[in-house]
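One structure is given here, and the rest of the page talks about it.
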Amino acid sequence: FLSLSIAQVRIGDWGALTCPLEIRDIVQIGDTTYCATGGGLMLYNNGNFEVYTTVDGLHKVDVSSISKDNYKNVWIGGKSPNGFVQIYNIEKNNINIFDYGLTEITEFYIGESIAFAAFIDGQDLGLIKWVYSAGEWSYRDIYRNFPFVIETINGLDIVDNTVFLATDYGLLKAKMSENLKDPNSWTLAFSDLSGAIGAMCRFDNGFIFATNGNIYRVFNDSMTEYELIDIPISINFNDIIFDDEDFIWGIDNRNIYSQKIDFEPILTDNNLYTISFDNEENIIVGSELGLIIIDNTTHKKTIYKPNAP
């Protein structure tokens, strides 16, 4: 089942002409879906859209990544060629801007007192670190040195004081207690698994990652071992999540897959960038032409497109 809805945008949102149709990353806060788009920060709630731009205090409108912290802020990462990081609060507008002349911000990890962002700087990749102290976030360090040549960082997480990076070279790890500037601090998490890691996500106290058409699970009690999750077909996921019944959902190019329906593809007509859940556990997908929402019971697919200029 498919339905299409052209949602209205709040009057006045186009004070700065932008196009938020391309939804590159999403994060759920309460009953509102926050979207990183090509035309600013877009908020979606029950069929309605609001778009925040430079008029509303956004540093720039071409946004590639988004996350949230525990202090009611959203973290916004700029797309190439303007890789800024902005901490933004809908009620207070701008909180802080960190613009170091980088090319693009691709991933976030936001903890209670530590935050990281993965960045592209020309041909180089790296991480920026912030710490939370005395009620505010402040820049702490930048890390650019790895023992391997990596071209993409597709995932970033910290589990049991270990940083994990999903890269095109493989799954890299380093202990937080070590000097992350030293390339020798970084190693392959599993030397017998090579190739690009397309996606990773938390599961229970550990995480899962996708590579070479397979999905692997890593347990928190033994970060040196993994197990292969049995799936019936080979899928090169570029984003994956687990629902509240522990079923896998993921996206690959223009298709949505779910373990709940035996990985039969849910076809779409658009390139897909990110997958998550709304506050009612419906599946929500960011695409090149709006949001796709799949009912978690009926699997009915609804496409919501902002009425962009």
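Between Y132 and Y71, the gap from one ring centroid to the other is short of 6.0 Å. Between F98 and Y139, the distance from one ring center to the other does not fall under 6.0 angstrom.
Listed for the N96 side chain is no donor-acceptor partner under 3.5 Å among the backbone atoms of I87. Side chain of S65 to main chain of I105: a donor-acceptor pair is present (N/O by atom type, distance under 3.5 Å, no hydrogens or angles). Put simply, the side chain of E107 never gets that close to the backbone of L165: no donor and acceptor are under 3.5 Å apart. At distances below 3.5 Å, not a single donor-acceptor pair connects side-chain atoms of N145 with backbone N or O atoms of D182. Side chain of T152 to backbone of N154: no donor-acceptor contact under 3.5 angstrom is found. At least one donor-acceptor pair closer than 3.5 Å links the side chain of Q28 to the backbone N or O of G30. Side chain of D295 to backbone of K300: no donor-acceptor contact under 3.5 angstrom is found.
Counting only residues at least two apart or on different chains, the salt bridge (Lys or Arg N to Asp or Glu O under 4.0 Å) pairs with a member in residues 129-147 are D121-R144, D141-K181. For residues 156-167, every residue pair satisfying the salt bridge (Lys or Arg N to Asp or Glu O under 4.0 Å) rule, not counting sequence neighbours, is listed here: D157-R202. Within the structure, no pair that satisfies the salt bridge (Lys or Arg N to Asp or Glu O under 4.0 Å) test touches residues 110-119, not counting sequence neighbours. Applying the ring pair (Phe, Tyr, Trp, His ring centres under 6.0 Å) test to pairs two or more places apart or on separate chains, those with a residue in residues 244-274 are W249-H299.
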For Y100 and I142, run side chain to side chain contact (heavy atoms under 4.5 Å, CB included): C-alpha distance rounded to whole Å, both residues' side-chain angles, the deciding distance at 0.1 Å, then the answer.
-> CA-CA 11 Å; Y100 305 116; I142 192 166; 5.8 Å; no
Report the C-alpha separation of E280 and N296 in whole Å, then their side-chain angles, then the decisive distance to 0.1 Å, and conclude whether the side chain to side chain contact (heavy atoms under 4.5 Å, CB included) test is met.
-> CA-CA 9 Å; E280 297 179 348; N296 64 358; 6.0 Å; no
With side chain to side chain contact (heavy atoms under 4.5 Å, CB included) as the test, would you mind laying out the steps for I26 and Y34 before giving the verdict?
-> CA-CA 6 Å; I26 52 183; Y34 288 64; over 6 Å; no
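Counting heavy atoms from C-beta on, the side chains of K68 and I110 never come closer than 4.5 Å. V163 places a side-chain heavy atom less than 4.5 Å from the side chain of M176. The shortest side-chain heavy-atom distance between F146 and T167 does not fall under the 4.5 Å cut-off.
Between F164 and F207, the two ring planes are tilted [angle within 30° to 60°]. Below 30°, between 30° and 60°, or above 60°: for Y88 and Y52 the angle between ring planes is above 60°, a perpendicular geometry.
For F116, the ring-ring contact (aromatic ring centres under 6.0 Å, His included) test picks out no residue, with sequence neighbours left out. With sequence neighbours left out, the side chain to side chain contact (heavy atoms under 4.5 Å, CB included) criterion links E151 to D168. Take D204 and apply the salt bridge (Lys or Arg N to Asp or Glu O under 4.0 Å) test, not counting sequence neighbours, and it matches R217. Residues passing the side-chain hydrogen bond (donor to acceptor under 3.5 Å, both in side chains) test with N89, sequence neighbours excluded: N73. Listed by chain and number, the residues in a side chain to side chain contact (heavy atoms under 4.5 Å, CB included) with D31 are N45, N279 (sequence neighbours excluded). Take T268 and apply the side chain to side chain contact (heavy atoms under 4.5 Å, CB included) test, not counting sequence neighbours, and it matches R254, I256, L272, I292, K301. Partners of E104 according to the side chain to side chain contact (heavy atoms under 4.5 Å, CB included) rule, which considers only residues two or more places apart in sequence or in another chain, are S64, K79, S80, T106, I120.
By the 4.5 Å side-chain criterion applied to Ile, Leu, Val, Met, Phe, Trp and Tyr, I97 is assigned to no cluster and stands alone.
Closest heavy-atom contact between V85 and W130: CG2-CH2, 3.9 Å. Of all non-hydrogen atoms in F108 and S67, the two that sit nearest each other are CB-CB, 3.6 Å.
Summarising the geometry, atom CD belonging to E281 is positioned 7.0 Å from atom CG belonging to D243; distances are rounded to the nearest 0.5 Å.
The closest side-chain donor-acceptor pair between T37 and E22, if any, does not fall under 3.5 angstrom.
Few gaps surround CG on D246; more than 12 heavy atoms of other groups in view lie less than 6.0 Å from it.
Tested against E288, the residues I23, D269, N271 include a single side-chain contact (heavy atoms from CB on, under 4.5 Å) partner, N271.
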